[in-house]
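Chain naming here is simple, since letters A, B, ... match the order of the sequence lines and numbering starts at 1 in each.
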Number of protein chains: 2
Amino acid sequence: MPRQLRTPAGVKSANGRGPGSTRRLPILSDVAHEAAVSLTTASRALDPDSTHPVADRTRARILAVAARLAYRPNPMARALRTRRVPTIAIVVHDISDPYFAEIVRGATAAASARGFLTVVCSSDRDPMTELQYVEMLCLSRVSGVIFAGGGLDEAQYRQRMSGYARSIAHYGGAIVALAPRSEHWPAEVPANRTGARLVTEHLLSLGHVRIAMISGPSTLFTSRERELGYLGAMKAAGVEPRIERADFTIAGGADATARLLSAGPPTAMFVASDTMALGALAEMRRRGIGVPSYVSVAGFDDIPGLEFIDPRLTTVHVPMAELGAAGVARLLRHLDDGDLNTRTNHHPVQLVVRESTGRPREVSLY
Amino acid sequence: MPRQLRTPAGVKSANGRGPGSTRRLPILSDVAHEAAVSLTTASRALDPDSTHPVADRTRARILAVAARLAYRPNPMARALRTRRVPTIAIVVHDISDPYFAEIVRGATAAASARGFLTVVCSSDRDPMTELQYVEMLCLSRVSGVIFAGGGLDEAQYRQRMSGYARSIAHYGGAIVALAPRSEHWPAEVPANRTGARLVTEHLLSLGHVRIAMISGPSTLFTSRERELGYLGAMKAAGVEPRIERADFTIAGGADATARLLSAGPPTAMFVASDTMALGALAEMRRRGIGVPSYVSVAGFDDIPGLEFIDPRLTTVHVPMAELGAAGVARLLRHLDDGDLNTRTNHHPVQLVVRESTGRPREVSLY
DNA sequence: TTGAAAGCGCTAACAC
DNA sequence: GTGTTAGCGCTTTCAA
């Protein structure tokens, strides 16, 4: 349809498609036409970060028309030109896990404040699913991708991931990690090692010697960092470490606890995430084992809702929402100012002692 | 830059931008050129749901080239043409609430299986924030919007919302509700009224008479439906109802419980969401009130993780992930088959009796 | 300081 | 069955 014959915006369309139909959204040419300027000038006046000069009177006129028509630029048309959609993606391992839900909450709030939409991709802890999502994101030309979960140390995964990352960098997209990864990406991560050290030292100071750790998969960098803190504190105290592995889920935490209890049960357990600690607590209850009377349990993350489980869990507070917001801020610094710094910022964590840890039991369990 | 001079895909760009740089992504004209066909034919052969005939030999040749070049259509260009981005938005009240997290999990899985990205917009229970998000979605021309949370019965909200909805319908976008609303949109909702009736009848059958309800804001349609079930059962039993209101948060549930307990405490409480019930339980514990020995508490939703709180909560199971998936399926039926049916499908719920409800106390609390 | 014109990559109406 | 052509709405040279 030639431009001239098009029904102008703000005028009821002649062939209204029934009662639900309404006027079409105004486009740039509507504004330009009404303000009696060219498309170019209208575009420049409306673009907040255009450096091209526009006469004050002209600009004022254009802005007035735009406001009256409630004009908003079409993001797709703009994206086609600028080669990037105003969307930020956040890739998480499991959106149902309160840890990731909190990060997403912080990130979406920060992103929407800047006019960015946030896409959430939850892989349900399957690396292949995660890679598929990243491929989709890459094809969609999202402005940036935030990886909330830790990376995997597995050849094929790393290779495909770095291929996508290169592709994203190629079209000018930004990448930020909120957990440790092998890739050298800009990162905003919690002080995992320090936190693990603090919590282990807390258990040691209570008099525990047989302190086991329930960690995540050995291929996950987050597991490794938390193990490092635990191992360091154990070594410094001259006591023997013991690591059992799970998959960062509640059920996994329960299973690992069962294994730990059936072979020389420890007097204290440091669980690498609160979610797994919930599973540990459930397994204890199922077996009638008192916490902390028989076994002390400490978690990591300080997820919301912890005040409602019994006993209240000793853990390491990670500023999840702030981490999400910091990730978005970092991403925007790349997009806005071309900041390509790949420094890793460590966010401080804090030991929160509650009711699930206490002095070691006097009697043996068996 | 004229097409002819452009660096072909698959050939290292002459002005590579450093080590991170790589060849540019292939575009349709690359495929068409290599396969020696026109853009149109290439487009048709590559579009899985194009009805236009293409010779088998030609199609095979085009597909082979596309595969070799790892060609993927540019979603932005396609969107500009089709006037819709391959993205589904899901609007929730609070992504940190496990109820919504589960719905989102179900929806994203279903959407990505069909090549759609899912945008999550969490309003943190602020109607104005929600409206802002919907405006953004509308401008972004997302293919569809799923409203996971219930609607508000408030004039200005309803007016702005229906304006956006009209706008979305106008460009061919779909809308689906997963909770009751005044707008006549296609809906997939839990059987709120039935669930509330079932749980109230359960409490009545245990011998309770003084059964209070903690509901949500009176302007929220979800609150109303659940109240209707409660009121119906109470009336049928000939006993006096009592409703206290909160805001569907943990803290709100705790506050409402405090108010309830300080003025003629009931022997049983039906709380309109598990999240609020968590707050109720916390308030009871703070006051040293036994559950269910002194007061029975029942929730609604059956959010994940409930097996780890003490006492285990009696509630009404809502199939959250299925609701999310059903919402996506409904949306795609609109998009694919033009199904504009606005029927409301009620998803069955189920009473789950656990440990937080029991027979009424013999002794008075005060 | 303004504007004309050329696309971004794709789809669809209309030939042939 | 295939190709030509005209845009989708916007940004951005380049020229005035």
Side-chain angles (χ1 to χ4, degrees), chain A residues 1-9 24-33 35-62 66 69 71-86 139-141 171-172, chain B residues 1-9 24-33 35-62 66 69 71-86 139-141 171-172:
Chain A
M1 198 197 305
R3 173 65 42 83
Q4 290 75 4
L5 291 182
R6 188 169 176 170
T7 310
R24 72 169 171 77
L25 296 175
I27 63 177
L28 187 59
S29 66
D30 296 323
V31 177
H33 188 248
V37 291
S38 69
L39 280 175
T40 318
T41 305
S43 171
R44 292 202 271 245
L46 259 18
D47 182 356
D49 36 46
S50 160
T51 60
H52 201 101
V54 173
D56 286 349
R57 282 201 45 185
T58 316
R59 161 169 279 122
R61 190 154 32 94
I62 294 169
L69 261 42
Y71 166 77
R72 309 304 302 273
N74 179 324
M76 297 177 299
R78 168 172 265 167
L80 188 57
R81 271 309 259 170
T82 61
R83 323 182 62 90
R84 231 190 279 140
V85 296
L139 296 170
S140 304
R141 313 290 206 285
Y171 69 69
Chain B
M1 198 198 306
R3 173 66 43 82
Q4 290 76 2
L5 292 182
R6 189 168 175 170
T7 310
R24 72 166 172 78
L25 297 174
I27 63 177
L28 187 60
S29 65
D30 295 323
V31 178
H33 188 249
V37 290
S38 69
L39 280 175
T40 318
T41 305
S43 172
R44 292 202 271 245
L46 259 16
D47 182 355
D49 36 46
S50 161
T51 59
H52 202 102
V54 174
D56 286 350
R57 282 200 44 184
T58 315
R59 161 170 278 123
R61 190 156 32 95
I62 295 168
L69 262 40
Y71 166 77
R72 308 306 303 271
N74 179 325
M76 297 177 298
R78 169 173 263 166
L80 187 57
R81 204 56 182 116
T82 61
R83 321 181 64 92
R84 231 190 281 140
V85 296
L139 295 170
S140 304
R141 312 291 204 286
Y171 68 68

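- In this model, the phosphate group of D/dT2 is not approached by any side-chain N or O of B/T41 to a distance below 4.0 Å at OP1 or OP2.
- Note that CG of A/L80 is 10.0 Å distant from CG of A/N74, once rounded to the nearest 0.5 Å.
- The CE atom of B/M76 sits 14 Å away from the P atom of D/dT11 (whole-angstrom rounding).
- Nucleotide D/dT2 holds its C1' atom 11 Å from the CZ atom of B/R61, rounded to whole Å.
- Distance CG (B/N74) to C1' (D/dC8): 13 Å, rounded to an integer number of Å.
- Rounded to whole Å, atom C1' of C/dC10 lies 15 Å from atom CZ of B/R72.
- Within the structure, a side-chain polar atom (N or O) of A/T58 is placed less than 4.0 Å from OP1 or OP2 of C/dT2.
- Side-chain N/O atoms of A/Y71 include none lying less than 4.0 angstrom from OP1 or OP2 on D/dG9.
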Give me, pair by pair, the N or O atoms of the protein and of nucleotides 12-15 of chain D that are less than 3.5 Å apart, along with how far apart they are.
unit_1 : atom_1 : unit_2 : atom_2 : d
D/dT12 : O4'    : A/R81  : NH2    : 3.1
D/dT12 : O4     : A/T40  : OG1    : 3.3

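- Contact between B/L28 and B/Y71 at its shortest, heavy atoms only, is N-CE1, 3.3 Å.
- Evaluation of the side-chain contact (heavy atoms from CB on, under 4.5 Å) rule for B/T40 yields B/S38, B/R44 as partners, not counting sequence neighbours.
- The CZ atom of B/R59 sits 7.0 Å away from the CG atom of B/D56 when rounded to the nearest 0.5 Å.
- Contacts of A/P53 with the nucleic acid, taken as non-hydrogen atoms under 4.0 Å apart, include base atoms.
- Atom pair B/I62:CD1 and D/dG1:C1' shows a separation of 11 Å (rounding to whole Å applied).
- B/R72 meets the salt bridge (Lys or Arg N to Asp or Glu O under 4.0 Å) test with A/E135; sequence neighbours excluded.
- Distance NE2/A/H52 to OG/A/S43: 10.5 Å, rounded to 0.5 Å.
- Across the protein-nucleic acid pair, A/L28 atom CG and C/dC8 atom P stand 19 Å apart, rounded to whole Å.
- B/D56 places its CG atom 11 Å from the C1' atom of D/dG1, with the value rounded to the nearest Å.
- The nearest whole Å value for the distance from the CG atom in B/L80 to the P atom in C/dA12 is 12 Å.
- Comparing the axis of the opening five pairs of the helix from C/dT1-D/dA16 to C/dC16-D/dG1 with that of the closing five pairs yields an angle of 40°, rounded to 10°.
- DNA chain D is contacted by both B/R59 and B/A77; B/R59 maps to the nucleotide lying nearer its 5′ end (nearest heavy atom per residue).
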